[in-house]
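All of these numbers come straight from a predicted model, not from anything done at the bench. A note on names: the letters A, B, ... follow the listed sequences, proteins ahead of strands, and every chain is numbered from 1.
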Amino acid sequence: MNDDAVRAQWNRVRGRLRDEFGEAAFKSWLNPLTLADVRNGQVRICVPTRFLRDWVVTHYGDRIRTLWSKENAAINGVDIVVLPTSGAKPNAAANEPTAGKAPPPATLLPPCEPTAASEEIGAPLDPRYRFDNFVVGKPNEFAYAAARRVAESDTVSFNPLFLYGGVGLGKTHLMHAVAWHIRERNPRRSVIYLSAEKFMYRFVRALRFQDTMAFKEQFRSVDVLMIDDVQFIGGKDSTQEEFFHTFNSLVDQGRQIIISADKSPSDLQGMEERLRSRLGCGLVADIHATSYELRLGIIGAKAEQMGVEVPRKVAEFLAHKITSNVRELEGALNRVVAHAQLVGRDITLESTQEVLHDLLRANDRRITIEEIQKKVAEHFNIRLADMHSARRARQVARPRQVAMYLAKQLTSRSLPEIGRKFGGRDHTTVMHAVKKVEELRDADSSFDEDIELLRRMLET
Amino acid sequence: MADPTQIPMDFGHLPAFSDADFLAAASNAEALEWVRRWPAWPAFALALAGPAGCGKTHLAHMFRDRSGGVLLAAASLTEDNVPLLAEHMAVVVEDADRGVDEVALFHLYNLLRETGRFLLLTGRQAPARWRRALPDLRSRLAAMPVAAIHAPDDGLLEALLLKLFVDRQLRVGPDVLSFILPRMERSFAGARALVEAIDVAALARQRPVTVPLVRAVLLGETGRDG
């Protein structure tokens with residue numbers, strides 16, 4: 001028997017399997033099967049894992065055998081064997097944690113790319129953080145004006161510029177915008193932007209490699225030094241000391257320093273007094289919590305930037321509900337948009353509430369069977385006692401079936417347990433009810449909407 | 001001898017974590033899709049949130065292999081190892097909702113973000129609900145995209161049962177599965193606990209997994225049902 005003929009037969013078998021079991025099942029279970037060989041009337045089919053082998057043998061074994069013998073009368077048996085695909089690593093299992101135990105500490109592999117020798121001492125700038133997409137409103141207009149002024153002047157007017165405000169209000173955005181602006185206006189001015197934590201890491205590393213001279217030189221030769229989140233060197237004495245000297249040296253040379261923090265200089269914790277007073281001796285500008293109007297403006301700007309259509313109602317809902325800060329507001333919008341794109345649907349108020357349910361509510365309530373019975377009884381206007389009664393009249397039997405169906409959908413109770421809560425019924429009664437409601441939902445769209453409404457009411 | 005049954009020893013078993021072993025279903029479709037779509041993510045960081053035993057660890061391993069990143073338990077994350085971890089293309093922190101060094105996680109987040117690398121966190125709840133003291137971290141977590149894994153449907157439960165049995169090298173027939181399905185607690189954790197109880201019972205009695213054995217275990221568990 002030639003190979004091509006066998007391949008053609010296998011392809012037909014696969015085609016039949018796909019038709020009979022549907023695309024989803026085929027993709028999950030049958031697509032990974034590969035034909036190994038045919039010998040002495042025995043077909044050998046490979047699967048990549050043991051689990052898949054068992055699943056295929058249990059669910060599709062007989063059918064595959066039958067289809068093969070229809071294709072080729074000489075076939076009298078099908079053997080499904082495990083053959084790991086070439087990509088699998090033979091000893092991967094040895095590194096896996098066993099169930100119930102925490103994974104072992106990660107082995108720190110060599111970095112995925114070598115760090116360049118002439119490494120940038122600053123952090124890269126985020127191209128999305130520019131002045132022209134910083135949404136200005138009452139709460140941040142002063143900080144914005146101060147940042148712009150520093151970015152646009154070639155002489156040092158106030159030193160340092162100290163920007164502060166609560167978490168996620170746009171300090172980093174302003175800092176990056178200043179750095180971009182200066183670099184674009186005058187590419188020869190060297191601007192270093194980095195977070196205080198990074199400054200600390202660099203300094204600690206320089207100490208470790210006894211390389212503090214190079215460290216000092218790097219930082220003391222810049223035209224503009226920008227340090228973000230300076231509160232993170234609070235309590236770190238040696239880093240503060242080094243920072244203090246860097247600061248003074250730059251100020252003496254007439255270089256610009258821009259600092260951001262979550263609090264005003266006088267409120268910074270664990271900061272030496274002399275440093276605190278230096279930080280506050282230039283211009284101190286604060287960013288206040290956002291207002292509703294500003295939040296609405298931010299959503300509009302961000303949506304435009306992402307190129308998506310956000311319904312007015314959704315924008316207002318977000319501006320109304322996500323009041324904590326800009327980062328969370330943008331994060332929320334990002335989540336809503338990403339979800340809509342993933343599932344390929346439009347953004348609606350309902351989808352927004354569903355996607356952001358963890359932000360909007362502190363907890364998911366655990367729904368009980370009793371609650372479901374009560375709600376369903378109210379909805380269909382029957383007595384709660386009828387949920388447990390033996391009455392079989394349609395006007396009580398149907399709501400009871402709906403409640404059983406919802407109990408299965410919304411709780412993890414076993415079917416026998418659900419049956420017990422409905423007047424000691426058997427689990428087969430519950431299964432019948434579930435099947436019945438599923439059929440009705442398919443057949444009757446107003447019934448379907450009714451059930452969806454009940455589910456929503458129970459979940460919120 | 002008073003008790004003829006043997007005391008079973010827990011020799012442990014290795015769960016299979018490859019792509020082919022993952023049980024795709026409606027309840028985890030979103031999470032699986034984001035892992036597959038990497039690096040086309042809506043942000044550099046993503047959280048997988050779902051109940052115990054729902055496949056977070058499995059997805060985390062798939063992502064680790066896919067991204068060539070590194071995976072560690074939250075408890076292993078320290079300020080000291082952050083800079084080294086952040087040099088990987090991606091970092092997975094498992095169970096980041098419990099017992100994590102907050103400052104270390106904050107630095108890791110910032111370093112990965114700055115350098116255009118990726119972060120995957122897993123937890124039982126969405127990060128917005130993790131109790132975190134550090135405001136800067138809390139706000140970053142709250143802004144993260146989340147892929148939620150929901151309660152399993154019947155098809156997934158059946159596949160999950162079979163996978164759990166196979167992981168323990170137990171052979172079960174379709175009759176056993178169709179007996180269990182309508183009688184079990186329908187959650188990931190419920191499936192796990194039940195398969196473990198059946199495994200223990202089968203070892204103790206030195207009997208294969210059959211419907212009568214499963215019935216006995218279910219009876220013992222609930223005291224009522226058969």
Are any side-chain N or O atoms of [X] and backbone N or O atoms of [Y], one a donor and one an acceptor, separated by less than 3.5 Å?
X	Y	answer
A:Asn334	B:Pro145	no
A:Arg327	B:Ala143	no
B:Arg140	A:Gly168	no

[atom2] on [Y] to [atom1] on [X], rounded to 0.5 Å:
X	Y	atom1	atom2	value
A:Ser195	B:His107	OG	NE2	8.0 Å
B:Asn110	A:Lys198	CG	NZ	10.0 Å
B:Glu158	A:Thr58	CD	OG1	9.0 Å
A:Glu417	B:Glu185	CD	CD	8.0 Å
B:Glu114	A:Asp126	CD	CG	10.0 Å
B:Ser139	A:Leu329	OG	CG	11.5 Å

- Message: Students often mix this up, so state it plainly: with edges at 30° and 60°, are the rings of A:Phe232 and B:Phe106 parallel, tilted or perpendicular?
- Response: parallel
- How far apart are the closest heavy atoms of B:Arg138 and A:Glu328, and which atoms are they? O-OE2, 4.4 Å
- Please name the pair of heavy atoms, one in A:Pro416 and one in B:Pro182, separated by the smallest distance, quoted to 0.1 Å. CD-O, 3.2 Å
- Query: For A:Thr411, is it the side chain, the backbone, both or neither that has a heavy atom under 4.5 Å from a heavy atom of chain B?
  - Reply: both
- Note on the structure: Cut-off 4.5 Å, heavy atoms of chain B, and the answer for A:Leu333 is neither
Heavy-atom pairs under 4.5 Å with chain B, option from [options] with the top count:
options	answer
A:Gln409, A:His357, A:Glu197	A:Glu197
A:Val167, A:Val430, A:Leu342	A:Leu342
A:Gly331, A:Ser412, A:Ala332	A:Ser412
A:Arg413, A:Gln341, A:Met306	A:Arg413

- Considering only heavy atoms from C-beta outward, does the side chain of A:Arg361 approach that of B:Arg129 to under 4.5 Å? yes
- B:Arg183 side chain near A:Leu415 side chain, heavy-atom distance below 4.5 Å: no
- Report yes or no: do B:Gln125 and A:Asp358 form a side-chain donor-acceptor pair below 3.5 Å? no
With a 4.5 angstrom heavy-atom cut-off, which part of [X] approaches chain A: side chain, backbone, both or neither?
X	result
B:Pro83	side chain
B:Arg37	side chain
B:Leu181	neither
B:Val82	side chain
B:Ala142	both

- Message: Taking B:Asp154 first and then A:Lys408, would you say they form a salt bridge - that is, a charged N and a carboxylate O separated by under 4.0 Å?
- Response: yes
- Please report the C-alpha distance between A:Arg335 and B:Met144 in whole Å, then the side-chain angles of each, then the deciding distance to 0.1 Å, and finally whether the side-chain contact (heavy atoms from CB on, under 4.5 Å) criterion is met. CA-CA 8 Å; A:Arg335 285 174 63 182; B:Met144 269 175 87; over 6 Å; no
- Item | A:Lys236 NZ: over 12 foreign heavy atoms closer than 6.0 Å | no
